[in-house]
There are 2 protein chains.
Amino acid sequence: MTLIARDGQGGAVGVQDIADALGISCGTVDRALHDRAGVSPATKRRVLAAARRLGYRPNLAARYLSSRKHIMIGVSLPLEVAYFFDDVREGIVEAASAFEPLGVKILYRPYKRFGQHEVEALRDILEEKVSAIVVAPGYHERMRADIDKATRRGIPVVCVVTDAPGTERLTSVSVDRFAHGALAGELMGHLIGGEGGVIIFIGMHAVVDHEQKLRGFESSFKQFCPRGRILGVVEAHDEAEEAYQKCRRVLAQYPSARGIYVATANSMPVIRALDELGLSGKIKVIGTDLFPAMVPVIEAGKMAATIYQRPREQGLTAVRAIVRFLTEGLRPPPQILLDPAIVMRSNLSLFFGREPVSLESASQTPQAEAVQR
Amino acid sequence: MTLIARDGQGGAVGVQDIADALGISCGTVDRALHDRAGVSPATKRRVLAAARRLGYRPNLAARYLSSRKHIMIGVSLPLEVAYFFDDVREGIVEAASAFEPLGVKILYRPYKRFGQHEVEALRDILEEKVSAIVVAPGYHERMRADIDKATRRGIPVVCVVTDAPGTERLTSVSVDRFAHGALAGELMGHLIGGEGGVIIFIGMHAVVDHEQKLRGFESSFKQFCPRGRILGVVEAHDEAEEAYQKCRRVLAQYPSARGIYVATANSMPVIRALDELGLSGKIKVIGTDLFPAMVPVIEAGKMAATIYQRPREQGLTAVRAIVRFLTEGLRPPPQILLDPAIVMRSNLSLFFGREPVSLESASQTPQAEAVQR
DNA sequence: TTGAAAGCGGTACCAT
DNA sequence: ATGGTACCGCTTTCAA
């Protein structure tokens, strides 16, 4: 050993150690480490080798303190559907606030409706100086060019809720949609006691999400309800009135139906139709997502279960993945799939109205410092 | 305004700003802010007032960099039951690694079996210089004194999996056990089609956890299975052989039983008994937790569902709560209840064998730095 | 009791 | 291309 460890903290190796070991200055080491201009290729190679050999790990606190570069995460999400994307945003803010000490900040650039003006919103964000971007692509083909552009500029893009397959996005966070449908199918099989016909409501077949849920449902319903049958698949295009009308029509057509699976958030019109026909509770309904109006419906037993896509978790997960990538270079798996949660009457209260750990009560005040060591 | 903002970053206020505003030195401000010795009460009051007025927020990166005090979290968990506590520990390590830039480190002091030598293990940890402690109290009465002692020393204690009610612990992280039981009850109601007798296996009535699950089950089973009946509650004391024997006996006594709810992890002996009696799949079983041996059982349809207590999430949550408390003074709610997850065949793969975001691939190497901005 | 100043580990700028 | 150094905001030590 030609070196004397500079510190007792388990021997963390810093730029200065590398510099000392090579007999050069820390400035040069910094330049070599970060691909900055003005280092001879030879020196650079030596530095990189030494860094690896000595096990260099950057001190992130020092870096943050020194560079004063904040990690600004641009968030572009639709304002509608509010109950869902508000929760996503809540998760994002929550995670960002946990990383505040690392200088993580959120730049929120919402747009009106899912799928509308999303490209413009993304471009706006690209104008600003952000370090990463969170988006929920409605029409991913339209977003592709800008997502790839951001990525090539070194700005990682993470998709939440929906994905933009085939793009250079860092990763996507969403619920496993096949599992979503499969859970619904398995549960439905149990609910209707292993036999009977069911009807499925989706948005449209063209939407990959809906199609995946549908396939999931079909695959497991077949297993868990061998004497069951899928009577029909209704496209309601996420329109309330359309769902209502088609529900009435399809029930008239199949009066023997024993279950309905609504693979989108569009379940309330179905409940209304069942209510009017006096079939609430008789026909078993499995819905998707969770919003205020559904609470009394579930409590009243008019909907047996709903598959919850955990928007808050999605937001949390996206930001955590970004921060780890940015600060530690840890590349997340190309796709992060959360497990959909089954919400029934017994656990409803755990999902609804649950507050995040309050951000207000954070120590703005010096008093709270006292608890530290 | 008598002050000119020192920086353009949104006007963050630091110790120096307070010092300037008061015409004193930053050293004094620091002492006043942290209850250190050697500040006149008058000065201290003025500093505190100014800090609040100016909206002082400590720069945590600077603090960490300067003080070189790491946040060492002492973790005292049993090695058994491994499949469960290993996952808790995995979550703890995962969360800690995310906060590594803040100097968060784990001091792991395991002990052999749940409930045994836990007091000694806790005392050992107290000897070391830790900033916080995570424990899973088996016999919380025995732990009380040491938990309170740690807390009084300024070392927050967080309970995971189990709680130590009535102690000064910072908070506890566990699954909502009433909801656990209630979910099982609701599901069971559906599984047996609204009528029939069921049998419940617990550890013992004296264990609060088990009693809570039992009450949850009873309450919802009554609602969802109005023509159902709880035939018996079996205490198996977490012993495999006992569970097996009692299962055979109770099934002989109630041949009409249509469902079994095992409220502890002790479900495999029950499955074995059912297998031998040729009742697998006929009698609906709802279990608790998830471990390797259960996977084929669920896949084969011998167990309809299991209620998963999400050990990894518990570990993650505990560490996050500790870090936020320590760094931001944010006090968590007195009890953190996670939602139990329903695992069935359709979502089994999402829970089992799921790897945490790999810690290995983290940037030990300077190359990964290049992705940063 | 208080002030002044030296770091902590990187970064960035100015010399060379 | 490289070295030297001031500085980020806070803590800590030494002087006064």
Side-chain angles (χ1 to χ4, degrees), chain A residues 5-20 22-47 51 54-70 100-103 327 366 369-370 372-373, chain B residues 5-20 22-47 51 54-71 100-103 327 366 369 372-373:
Chain A
R6 184 176 30 77
D7 88 47
Q9 302 282 358
V13 176
V15 277
Q16 194 55 249
D17 299 282
I18 299 175
D20 291 350
L22 265 41
I24 60 179
S25 87
C26 61
T28 303
V29 172
D30 181 68
R31 282 184 288 264
L33 248 27
H34 297 289
D35 271 334
R36 285 189 243 280
V39 199
S40 75
T43 309
K44 185 166 163 183
R45 246 180 295 112
R46 287 176 58 214
V47 170
L54 299 176
Y56 166 71
R57 306 221 56 185
N59 180 318
L60 300 171
R63 171 180 297 166
Y64 161 67
L65 184 61
S66 165
S67 73
R68 301 264 19 160
K69 253 184 220 143
H70 294 199
E100 207 210 272
L102 293 180
T327 61
E369 303 279 314
Q372 301 185 30
R373 317 189 75 216
Chain B
R6 182 175 32 79
D7 90 44
Q9 302 281 1
V13 177
V15 277
Q16 193 56 247
D17 299 282
I18 300 177
D20 291 350
L22 264 41
I24 60 179
S25 87
C26 61
T28 304
V29 172
D30 181 70
R31 284 185 284 264
L33 248 26
H34 298 289
D35 272 333
R36 284 188 243 281
V39 200
S40 72
T43 309
K44 185 165 163 183
R45 246 180 296 114
R46 289 175 57 212
V47 169
L54 299 176
Y56 167 71
R57 308 223 51 187
N59 180 319
L60 300 171
R63 171 179 298 167
Y64 161 65
L65 184 59
S66 166
S67 73
R68 302 266 18 161
K69 252 183 219 145
H70 295 203
I71 297 177
E100 208 210 88
L102 293 180
T327 60
E369 303 280 313
Q372 301 185 30
R373 319 189 71 215

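The sequence lines fix the lettering, A, B, ..., with proteins before strands; numbering per chain opens at 1.
- Following rounding to the nearest Å, A:Leu65 (CG) and D:dC8 (P) show an atom-to-atom distance of 9 Å.
- Each of A:Ala61 and B:Ala37 was matched to the nucleotide of DNA chain C holding its nearest heavy atom; the match closer to the 5' end belongs to B:Ala37.
- Of the listed nucleotides (C:dG3, D:dT11, D:dG3), D:dT11 has the atom at the smallest distance from the side chain of B:His34.
- A straight line from CD of A:Gln16 to C1' of C:dG10 spans 10 Å, rounded to a whole angstrom.
- One atom, CZ of B:Arg31, and another, C1' of C:dG3, lie 8 Å apart when rounded to the nearest Å.
- Note that the two end axes of the helix from C:dT1-D:dA16 to C:dT16-D:dA1 enclose an angle of 50°, each drawn from 5 base pairs, rounded to 10 degrees.
- For A:Arg36, the salt bridge (charged side-chain N to carboxylate O under 4.0 Å, His left out) test picks out A:Asp30, with sequence neighbours left out.
- Regarding A:Asn59, its CG atom lies at a distance of 18 Å from the P atom of C:dG7, rounded to whole Å.
- At whole-Å resolution of the value, OH in A:Tyr64 and P in D:dC8 are 13 Å apart.
- Minimum atom distance to the side chain of B:Arg36 is reached by D:dT12, of the listed D:dG9, D:dT12, C:dT11.
- In this structure, B:Leu33 places its CG atom 12 Å from C1' of D:dT11, rounding to the nearest Å.
- The nearest whole Å value for the distance from the CG atom in A:Asp30 to the P atom in D:dA6 is 17 Å.
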